[in-house]
Amino acid sequence: MHLSSPTLFPAQRPRRLRRDAFTRNLVREHVLSPHDFIYPVFVHEGQQRRTPVASMPGVERLSLDLLLPVAEECVRLGVPYLALFPSIDGELKTLDGRESLNPEGLIPRVIRALKEEFPALGVMTDVALDPYTSHGQDGLIDDSGYILNDETVELLVGQALAHAEAGVDMVAPSDMMDGRIGAIRDALEAHGHIHTRIMAYSAKYASAFYGPFRDAVGSSANLGASNKNVYQMDPANTDEALREVALDLAEGADMVMVKPGMPYLDVLRRVKDEFKVPTFAYQVSGEYAMLKAASANGWLDHDKTMMESLLAFKRAGADGVLTYFALEAARLLRK
Ligand code: PBG
């Protein structure tokens, strides 16, 4: 098409629809709402205890008593779910991560307290071993350091059941072991937890954007120079993401996730187009850190880039976003 094409221009002037706010409002294709957000939070033991995460300005690990007012604000703003991540005391971390199975562990206690105080707030938990292992991997390792699959899945099943017993609304296996969704679904059904939802981290990439999160849960030092390439996906692949999603749905996932977010919007779009199921994106710690750092330097406008980045997920097909910006964005939307 040429600009001066006699048939198109000036019959078509796309700028007509952009001329004023009321027309832009009328033709807008996507809108953000506080209902689109899942707010990931870091919890640790203690009382009146908060420690900042240096690489995530504005994010703190909180003790349960300090988390309650945060949960209350989620309810008030209409943010439907909290996602819990534990920062476990170092002496509880072991080679096999067995603290993850403790029905009286930190996460089950936090689930119970949240569901008692705020029954109308959804609580989601990560199912993975990395906050609990002394080596920072998401699974059991053999003598060569290889991450064992089936043995790890058994532990993940136990962890998911401990969360379900405590009353969690949704478990989110983030480990990328093969077959774990089916094993967890079978166990939940067998124990009568027929309503527990599973959001599968289906297309989870071996990404360098998780760095600040690993600081927050204290796994980065333990992980050292090793990586997660033998279970998380190769950032070069997208067909493989569709195969992973197909498997997780067949095994019993209710919702699927693509992670990280902004660098993987193409994967998100393909997943949504192909499967048309509730599909979520995780705007991960490194994405949050980038935007915070640039705006702290005065290089980017904080609120505008935050909202634009979140809207991009909706445009790319997401039904919702796990984001550390959830509260800030919801407050802006409520204004
Ligand atoms: C652990 C887990 C990770 C994240 C969520 N669950 C880190 C990892 O896989 O190493 C990353 C979240 C983020 O970076 O914000 N299973």
Side-chain angles (χ1 to χ4, degrees), residues 55 85-102 105 107 125-163 171-187 198 200-248 251 253 257-260 263-264 267 282 284-286:
S55 48
F85 294 93
S87 171
I88 295 294
D89 295 341
E91 68 267 23
L92 289 175
K93 299 195 184 197
T94 54
L95 268 177
D96 62 3
R98 77 182 82 91
E99 175 63 14
S100 63
L101 302 174
N102 182 358
I107 290 292
T125 51
D126 216 53
V127 175
L129 299 185
D130 57 321
Y132 303 94
T133 52
S134 47
H135 43 71
Q137 293 288 356
D138 296 54
L140 296 174
I141 50 174
D142 69 11
D143 291 341
S144 72
Y146 186 73
I147 288 77
L148 297 164
N149 194 86
D150 302 10
E151 295 81 350
T152 297
V153 169
E154 272 181 47
L155 281 172
L156 296 172
V157 166
Q159 185 182 16
L161 279 177
H163 296 179
V171 289
S174 71
D175 53 286
M176 291 302 279
M177 296 301 120
D178 296 333
R180 90 278 206 213
I181 300 298
I184 291 171
R185 176 57 77 205
D186 286 350
I198 300 179
Y201 283 72
S202 297
K204 175 167 179 178
Y205 287 87
S207 171
F209 285 99
Y210 307 150
F213 172 97
R214 292 177 187 170
D215 295 338
V217 301
S219 67
S220 49
N222 295 340
L223 207 52
S226 56
N227 59 51
K228 303 190 176 183
N229 296 351
V230 297
Y231 46 107
Q232 297 180 349
M233 281 178 54
D234 183 338
N237 298 350
T238 81
D239 288 343
E240 186 188 6
L242 301 185
R243 297 199 296 276
E244 283 282 5
V245 169
L247 286 170
D248 287 350
E251 290 178 29
M257 190 209 294
V258 173
K259 179 186 177 194
Y264 294 82
V267 180
Y282 198 142
V284 301
S285 55

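FYI, the numbering just counts along the sequence from 1. Bear in mind the structure is a predicted one, so any value in this text is a computation, not a measurement.
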Atom of E251, atom of R185 and distance for their closest heavy-atom approach: O-CB, 3.6 Å
So, D126 side chain and A128 main chain: donor-acceptor pair closer than 3.5 Å or not? no
Hey, which of D96, L95, L92 is the one that makes side-chain contact (heavy atoms from CB on, under 4.5 Å) with S134? L95
Any residue meeting side chain to side chain donor-acceptor pair (under 3.5 Å) with N237, in chain and number order, not counting sequence neighbours: E240
Within the side chain of K204, is there an N or O that forms a donor-acceptor pair under 3.5 Å with the backbone of S174? yes
Set of residues satisfying side chain to side chain donor-acceptor pair (under 3.5 Å) with respect to D215, sequence neighbours excluded: S55, S220
Not counting sequence neighbours, which residues clear side chain to side chain donor-acceptor pair (under 3.5 Å) with Y210? List them please. none
Residues two or more places apart in sequence or in another chain: which of them pass ring-ring contact (aromatic ring centres under 6.0 Å, His included) with F213? F42, F85
Approximate separation, where rounding is to 0.5 Å, of L148 CG and Q137 CD: 11.0 Å
Over 12 non-hydrogen atoms of neighbours within 6.0 angstrom of CZ in F209: no
Using a 3.5 Å distance criterion without hydrogens, assess whether the side chain of D248 forms a donor-acceptor pair with backbone atoms of A253. no
Name all residues meeting the ring-ring contact (aromatic ring centres under 6.0 Å, His included) criterion together with Y132; count only those two or more places apart in sequence or in a different chain, and write none if there are none. none
Could you list the residues that satisfy side chain to side chain donor-acceptor pair (under 3.5 Å) with D234, not counting sequence neighbours? none
